[in-house]
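Because the structure is predicted, anything quoted here is derived from the model rather than measured. Because only heavy atoms are used, hydrogens play no part in the values below, and waters and symmetry mates are left out as well, while side chains stay in. Chain letters run A, B, ... following the sequence lines, proteins first and then strands; every chain starts at 1.
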Amino acid sequence: MKLKPSTIDRIKKALEQQGIRNRYLQSEMGDHIACDMEHMLDQGIGEEEAWDQVFAKTRGEEIKATAGQYQGILNARYYRIKLFLWVTFGLFAVSWLFSFRTGQFMSAVSFMAMGTTLILLSLDFFRSHRHHRSNIWLGAGTLLSALLVMSGFILFFLVVNYRVNTHGHSVDLMIFSYVILSLVVFLYFIRQRRLSQGSGGRNRYSWFIAFSGLQLLLAILSFLSLPFYTWAVDYIWILIWVILAVDLISLLLLIFKRIRNILFFVLLTLSFMITFIHSPLRRLLPAGGPTQQTEVLNYSSREISAR
Amino acid sequence: MIRPIILHLLLQKERMYGYEITQVVREQTGGKIALTLGALYPVLHKLESEGILETSSQAVDNRLRKYYTLSRRGRKAAFEQTVEMYEFLDALQAFCNPPENRNA
């Protein structure tokens, strides 16, 4: 005898009340409890009595300990990704908030750290290919986004600091990186929503789908501004401000709702970094003025002369 | 002790899920060993994080079921730990039934 979807929902809610918030662990332990109940139903025991018996032998402390240990394993698994993300944002913030000679190089390192974060994420997707075949494609997309953002920033760095003419391709590559990562994150949450059981899980993913869908839309608009640059040049500043505002609001909502989704944080960080360096906002910061850029150019010329 | 039990079972059967492991252990031991949810899953997750087990998911009866299989490295570890388990059981048997008791 198979359990109804409403009973499975009820099991998941009970597990959540006992401290299991992680959706994957809820799913696994929910399946175990459901199998146990179905076994009792097959023996002629009623559903409510089966429920009482299963939850009587499942001790709350054991469940909490299992949840704690699982979270510890996840923290270890995502530790390096989180570390690189913090390094990325830290270096980026310092490079713009404080004016010093090597600030631009620090900004470059922050973009390389972002690329490394994306590479680590793509490896995590590839390792999880047995869970869902689409993880291979999501991993490939994340890896492509990493390569594009790193090469895009290298070209941007050469333009700003050495006046190398890249014919605007630095912007193209970074925006394309933003589009691809937004698409990866959007498709990931759509898949997760499709796989999740219960209305609670689906509602939670609906939020992520809405926000990542908005990021994807903004990324596509940014991309479309490139071929229509001559027409759009007077309006691009509106798009830039909208993206920065959406990033800030999304970040505040994630913090307020205490949602810790690493993939979404990475997308927000990439979106913010790429948009910020193309925004007029950077000129308001100590390291964003033209003087700083000229200093770096002079410093580099002195280095070359000395050699 | 749960670790070698899980590895031994997965050597015999390619792919198993958590509840199935508890049922097989109960049946094969005549109910003498009953693995609880809190005892089984921490060990399974630890084995997965060590790369000894690989997992895959499948939609079954309105829910998602997680299956465990031995990785290539896991097969080697499973053989070694099964041998160790048998040696330990032999040693325990010899300890509980020393030669002088057998002669008597």
- Under a 4.5 Å heavy-atom cut-off, does chain A meet the side chain of B/Y17, its backbone, both or neither? side chain
- Query: Under a 4.5 Å heavy-atom cut-off, does chain A meet the side chain of B/E20, its backbone, both or neither?
  - Reply: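 Nothing of B/E20, per the 4.5 Å heavy-atom cut-off to chain A.
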- When rounded to the nearest 0.5 angstrom, what distance separates OG in B/S57 from CD in A/E28? 8.5 Å
- Query: In Å, rounded to the nearest 0.5 Å, how long is the span from NE2 of A/H32 to OG1 of B/T22?
  - Reply: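 Rounded to the nearest 0.5 Å, the NE2-OG1 separation comes to 4.5 Å.
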Within a 6.0 Å radius of atom [atom1] on [X], are there more than 12 heavy atoms belonging to other residues, nucleotides or ligands?
X	atom1	value
A/Q43	CD	yes
A/F89	CZ	no
B/Y19	OH	yes
A/K82	NZ	yes
A/F92	CZ	yes

What is the minimum heavy-atom distance between [X] and [Y], and which atoms define it?
X	Y	value
A/L25	B/H45	CD1-CE1, 3.3 Å
B/G38	A/T66	CA-OG1, 3.7 Å
B/R65	A/D31	NE-OD2, 2.9 Å

- Message: Side chains of A/C35 and B/R63, heavy atoms from C-beta outward: is any pair under 4.5 Å?
- Response: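 Yes, at least one pair of side-chain atoms sits under 4.5 Å.
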- Query: Top residue by heavy-atom pair count (under 4.5 Å) with chain A, among B/T36, B/L37, B/L40?
  - Reply: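 Among B/T36, B/L37, B/L40, the one with the most close pairs to chain A is B/L37.
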